[in-house]
Amino acid sequence: MRYKSVLWLVAAAGLILLGAAPVYAQQAPDMILFNGKIVTMNNHEVNGNVGTIAQAVAIREGKIVAVGTSADIRRLAGANTKSLDLKGRTVTPGFGATHDHPQDWNPLNPVIVKKVVSDDMHIERFINVPPEQLMNEFPRVLDEAVHKAKPGQWIRISLLYGPDYRWGDDISKMMGRQINKKNLDLVAPNNPVIVRGGFTNMLINTKGIEAVKARYGDEWAKFNFMPLDSYTGNPPGQSGEDTGICSVCYREVEQDVIFEPAALKEIYRLGGSWTAALGITLNATSLYTGGAIRAFSQLDREGKMSMRIGWGWFWPERNDFFEDPYFVAAQVSREGTGSDYLWVTGMTAHMGGNCTKLQGTSPEVDAKNKAQCSNRGYAQPVISRALYEYIKAGGRLAGDHMTGDDEVDLVLDIVEKASKDGGMSLDQIRAKRHVTEHMALYPRPDQIPRFKNLGMMTSGWDISIWTGAATQAMKDYGERGAMQVVPRKGLYDAGVMNSVEIDRPLSEYTNLTYLNVLYSAITRKDWDGKVSAPQQAISREQMLKSATLFAAYGTMHEKVLGSLEPGKFADLIVMDKDYMTVPVDDIPKIHVLMTLLGGKPSHLAPSLAREWGMQPVGAQVELGGPAAQW
């Protein structure tokens, strides 16, 4: 026994030389992954250095206990250690999506929804056809749903955007036009109906509006921004109640009114497991509604989370709450609270608008921008006061839908003034690590030093490059405009941490994966192969760092997440190809064969499961998603 203990101490000493923590004899690993390429991401600087490349990793009780050579790590194995041969495969930390909406996207997964929701609960129908076929398909589906529904029963029809996500713009334009509230009222006079876009956008009929208002009751009159009027994009003089059109109001309708709580929770459980096949282990979001908060909280208590979620408080319909010092103090005190799987990261006051200081390439562009600048969100007292009071009291801006650089100026001004009025030192401000999200048309070059000085982070919407946002910015504002669409190179050069978001229902019904998002940043290519502002492209190493380590920083959990270091949670993925060396154009073809969350597989593809003599794991395997074929 003493001889065995000496061997353990020798092995531990060898690991110390590799920067790992010692592992003691009485604590043999539960699992060892060896003979691989372990990209640790243990360099925490803002650069392209991914840190140590090891061969093996040891895991015990959900955490990493050692990283090193295969020989040294395998010496740590005990009688019950599961040792798995990677056969040269690449392992990285799990991916983070630091602005995403699983609670919004999961109900757009036809496979999951059909598994959970029966016609006895409410009527669910999905249409996934090209725009030119939609108007032949939609009337038939609506008519069938109305005949199937009982009087007063909800009907929900989702219009999806295709396997490559190319149909979104055309289908969105049909809502409110070819498909409109008047027609829904005529065809379904006795049923509340919602038509959901395959991303955002919603159309609701009169019966639906009545049902939502009845659900909220007396609270409806207390809202600063009516849920059915917020962010609608409706013509002047027309509200969301008039037209039935709203961009994101489906949240209140679906999560608080249509879905039964047990069904919503199960959709989120399966949705998290389904998304694990993309390699995502960490998500940052706002949960928006009481229904979503309740569902995820129950999953957390029941130990059924398939990803970790850092969430920010967001209820702009009642930003007047922040006039109450007790409420502000209570919200600030909640930051960081929660579990290892669900915790509070701060708050978001509003959705920032599209106003920019860029000069347009045509009078039409300038006229559109002028209209966007006429109603800037953070210029409104109820919104700016909410953020000011929260930051002054020591709160953290946990991410905001920021799209235009002009609105970012307002937010930076509020952060600076509120922090100063709160008596904070510069170090205290930087410790907050405030974050803004999307980078749709910001930051400008002159804003980047302000981000750096304040210790602020950004989260980038690289999939928008693929869907043509940078190409459009080039048309509307020239090269300077394209350069402001997710300007990662400028941020890296300035030492500003930036993370990766999805903000699209990619895994729910498309053929796209998280690797497509990374590819968009590395190449700056849109879906037609056009390259915009290649000066802002970054290396694959930098993008991987943004996708892993900096995601953990963005959710204030870098001490336990984001890199493969002893003491951190064993959240990692195994890829079928080497992300670090494959031709760039092959990056989107990489499949995630296994996702570990806290040392347990949340996704295990059939091919790797067979090789290791294990059972495949995950909703995609269970329900026949794309990963079932990997």
Side-chain angles (χ1 to χ4, degrees), residues 99 219 221-227 229-231 248 251 284-290 293 310-338 343-353 355 375-404 406-438 442 447 450-451 453-459 554-556:
H99 180 116
E219 289 299 308
K222 300 177 183 178
F223 291 144
N224 304 119
F225 300 95
M226 293 297 178
D229 281 351
S230 302
Y231 327 115
V248 293
R251 292 171 181 142
T285 186
S286 298
L287 292 182
Y288 300 95
T289 67
I293 294 171
W311 68 283
W313 188 91
F314 182 87
W315 189 239
E317 285 79 3
R318 292 301 307 274
N319 270 329
D320 61 310
F321 286 158
F322 288 89
E323 296 177 4
D324 181 347
Y326 178 88
F327 178 82
V328 176
Q331 284 301 108
V332 171
S333 72
R334 295 183 67 197
E335 287 183 17
T337 62
W343 65 92
V344 177
T345 57
M347 70 85 77
T348 297
H350 185 59
M351 293 185 181
C355 179
N375 190 33
R376 298 176 299 166
Y378 280 100
Q380 299 178 36
V382 69
I383 296 171
S384 60
R385 174 170 180 170
L387 182 60
Y388 171 83
E389 297 292 349
Y390 188 69
I391 292 178
K392 181 182 176 184
R396 176 181 186 250
L397 176 60
D400 205 338
H401 297 251
M402 304 299 297
T403 52
D406 183 83
E407 193 103 19
V408 173
D409 283 333
L410 298 179
V411 170
L412 293 173
D413 289 344
I414 293 170
V415 169
E416 288 179 341
K417 178 172 173 51
S419 301
K420 179 181 179 181
D421 292 351
M424 299 178 203
S425 67
L426 187 56
D427 285 343
Q428 289 173 322
I429 298 171
R430 290 170 175 169
K432 285 296 172 186
R433 210 178 298 147
H434 301 294
V435 60
T436 63
E437 297 168 341
H438 283 343
Y442 82 89
Q447 289 175 326
R450 295 185 73 184
F451 275 86
N453 183 57
L454 294 169
M456 291 180 62
M457 289 187 62
T458 59
S459 172
T555 55
M556 308 298 284

Between the side chain of [X] and the main-chain N/O of [Y], is any donor-acceptor distance below 3.5 Å?
X: Asn319; Y: Asn224; result: no
X: Arg318; Y: Lys222; result: yes
X: Lys432; Y: Leu397; result: no

Under the salt bridge (Lys or Arg N to Asp or Glu O under 4.0 Å) test, which residues partner Arg433, sequence neighbours left out?
->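 Arg433: salt bridge (Lys or Arg N to Asp or Glu O under 4.0 Å) contacts with Glu558.
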What residues, two or more places apart in sequence or in another chain, satisfy salt bridge (Lys or Arg N to Asp or Glu O under 4.0 Å) together with Lys420?
->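 Salt bridge (Lys or Arg N to Asp or Glu O under 4.0 Å) check on Lys420 returns nothing, list empty.
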How would you list, by chain and number, every residue that makes a side-chain hydrogen bond (donor to acceptor under 3.5 Å, both in side chains) with [X], sequence neighbours excluded?
X: Asp421; value: Tyr388, Lys417
X: Asp406; value: Lys357, Arg376
X: Thr436; value: Tyr442
X: Thr348; value: none

Stepwise side-chain contact (heavy atoms from CB on, under 4.5 Å) check, Asp413 with Arg450 = CA-CA 10 Å; Asp413 289 344; Arg450 295 185 73 184; 2.9 Å; yes
List the steps and the verdict of side-chain contact (heavy atoms from CB on, under 4.5 Å) for Thr458 and Met402.
-> CA-CA 10 Å; Thr458 59; Met402 304 299 297; over 6 Å; no
Quick one: side chain to side chain contact (heavy atoms under 4.5 Å, CB included) partners of [X], sequence neighbours excluded?
X: Arg385; result: Glu323, Glu389
X: Ala329; result: none
X: Gln331; result: Trp313, Phe327, Arg334, Tyr390
X: Asn375; result: Gln380

Contacts of type ring-ring contact (aromatic ring centres under 6.0 Å, His included), residue His99, not counting sequence neighbours |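 If we apply the ring-ring contact (aromatic ring centres under 6.0 Å, His included) test to His99, skipping adjacent residues, the hits are His101, His401, His438.
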Leu426 vs Asn453, side-chain contact (heavy atoms from CB on, under 4.5 Å): CA-CA, chis, key distance, verdict = CA-CA 8 Å; Leu426 187 56; Asn453 183 57; 3.8 Å; yes
Taking all non-hydrogen atoms of both residues, which atom of [X] and which atom of [Y] are closest, and how far apart?
X: Ala349; Y: Pro316; value: O-CB, 3.6 Å
X: Leu412; Y: Leu454; value: CD2-CD1, 4.1 Å
X: Ala398; Y: Gly312; value: CB-CA, 4.5 Å
X: Val415; Y: Met456; value: CG1-SD, 4.5 Å
X: Val382; Y: Asp320; value: CG2-N, 4.0 Å

Does the gap between the ring centers of Trp315 and Phe223 come in under 6.0 Å?
->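 They qualify: ring centres under 6.0 Å apart.
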Could you walk me through whether Val435 and Arg396 pass the side-chain contact (heavy atoms from CB on, under 4.5 Å) check?
-> CA-CA 8 Å; Val435 60; Arg396 176 181 186 250; 3.9 Å; yes
How many angstroms lie between atom OH of Tyr288 and atom CD of Glu317, to the nearest 0.5 angstrom?
-> 10.5 Å
